[in-house]
Amino acid sequence: MNRDFFDRSVHEVARELIGCELRVGPTAGVIVETEAYEENDPACHAYIGRTTRNEVLFGPPGHAYVYLSYGIHSLLNFVTESEGSASAVLIRALEPTDGIELMRERRGRDEIEQLCSGPGKLSEALGVDLSLNGADLLAPPFELVEREGEFEITASPRIGITKAADLPWRYCVAGSRFVSRPWPSAASSVVGHAA
DNA sequence: CAGTGGATGCTCT
DNA sequence: GAGCATCCACTGT
């Protein structure tokens with residue numbers, strides 16, 4: 001995967017990431033759930049302007065934006081189209097494929113559905129923390145592999161936010177049991193197929 | 001199952 | 001000092 005992959009609309013990147021493999025060191029999984037956060041979006045950290053916390057969002061695309069949520073969880077985002085638009089994709093869930101035993105140790109859980117089914121869980125399982133804020137996604141410990149096969153993608157409202165909560169900017173693999181939460185069937189719609 | 005509340009720390013006002 | 005892009009354990013059906 002190259003830098004151009006990230007240098008386009010955050011919504012396009014959020015959908016294209018579905019089905020890609022994300023590797024962090026010895027652990028890896030297939031991305032099954034993402035959310036888009038664009039600069040002119042009250043729920044986006046960049047909305048309030050540039051601060052010390054969110055400055056990575058204003059930097060070049062293809063880098064990791066990691067921040068601490070609720071004082072406990074590190075949440076992993078991919079910076080996109082940053083030329084004049086500080087936007088990012090939140091990685092919300094993976095289907096684990098490699099390093100599963102290590103993930104189990106880090107998570108303290110055995111069930112494979114409980115290893116990466118949420119942004120906080122996923123970071124813990126992959127060993128992502130604040131030290132990776134600003135890190136290049138195209139260099140170790142990160143590795144991203146373009147998807148193989150087809151995925152039916154649904155769009156539904158984002159999770160856990162209060163601002164702009166009605167926008168359908170959460171993307172999931174249809175029918176996956178590895179997503180953080182089931183989507184509301186009435187609000188979801190198939191938005192595309194992955195090649 | 002569904003609903004509730006505590007843990008925990010950093011950022012911004 | 002308030003407010004979080006969360007998770008888990010506990011309660012009550």
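Reminder, nothing fancy here: chain letters follow the sequence lines and each chain counts from 1. All figures in this text were calculated on a predicted structure; none of them were measured in a lab.
- Base pairing of dT8(B): no nucleotide in any strand meets the Watson-Crick or G-U wobble criterion (both distances under 3.5 Å).
- Under the 3.5 Å distance criterion, the side-chain polar atoms of Asp166(A) are left unmatched by any main-chain donor or acceptor of Pro157(A).
- dA5(C) is unpaired under the criterion used here, namely a Watson-Crick or G-U wobble arrangement in which both key atom distances are under 3.5 Å.
- Under the 6.0 Å distance and 45° angle rule, Arg8(A) counts as a cation-pi partner of Phe5(A).
- With rounding to the nearest 0.5 angstrom, the CD1 atom of Ile159(A) is 5.0 Å from the CZ atom of Arg92(A).
- For the pair Leu144(A)/Phe78(A), a side-chain contact is recorded, criterion being any heavy-atom separation below 4.5 Å from C-beta on.
- The phosphate of dA5(C) (OP1 or OP2) has no side-chain N or O of His73(A) nearer than 4.0 angstrom.
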Quick one: which protein N/O atoms are closer than 3.5 Å to N/O atoms of nucleotides 10-13 of chain B? Pair and distance per line, please.
{"from": "dC12(B)", "atom 1": "OP1", "to": "Thr51(A)", "atom 2": "OG1", "distance (Å)": "2.1"}
{"from": "dC12(B)", "atom 1": "OP2", "to": "Thr52(A)", "atom 2": "OG1", "distance (Å)": "3.4"}

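- Put simply, CG on Leu115(A) is 13 Å from P on dC7(C), counting in whole angstrom units.
- Stacking between Tyr70(A) and dA7(B) is absent: the aromatic ring centre is not both under 5.5 angstrom from the base six-membered ring centre and within 30 degrees in plane angle.
- Checking the phosphate oxygens (OP1, OP2) of dC7(C), no side-chain nitrogen or oxygen of Arg181(A) falls inside 4.0 Å.
- By the 4.0 Å N-to-carboxylate-O rule, Arg104(A) lies close enough to Glu101(A) to be salt-bridged with it.
- Note: CD (Glu124(A)) to C1' (dC7(C)) measures 9 Å, nearest angstrom.
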Evaluation steps, side-chain contact (heavy atoms from CB on, under 4.5 Å), between Arg170(A) and Arg181(A): CA-CA 11 Å; Arg170(A) 174 189 183 218; Arg181(A) 289 160 47 172; 4.3 Å; yes

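- Residue whose closest nucleotide on DNA chain C sits further toward the 5' end, between Ala46(A) and Gln114(A): Ala46(A).
- Rounded to whole Å, atom C1' of dA5(C) lies 7 Å from atom CZ of Arg92(A).
- Atom CG in Asn77(A) sits roughly 14 Å away from atom C1' in dT6(C) (whole-Å rounding).
- Summarising the geometry, the separation between CG on Leu90(A) and P on dA5(C) is reported as 10 Å, rounded to the nearest angstrom.
- The residues Arg107(A) and Glu124(A) are annotated as salt-bridged, a charged nitrogen and a carboxylate oxygen being separated by less than 4.0 angstrom.
- Atom CD1 in Ile72(A) sits about 10 Å away from atom P in dA7(B), given to the nearest Å.
- Arg109(A) has its CZ atom 11 Å from the P atom of dC7(C), to the nearest Å.
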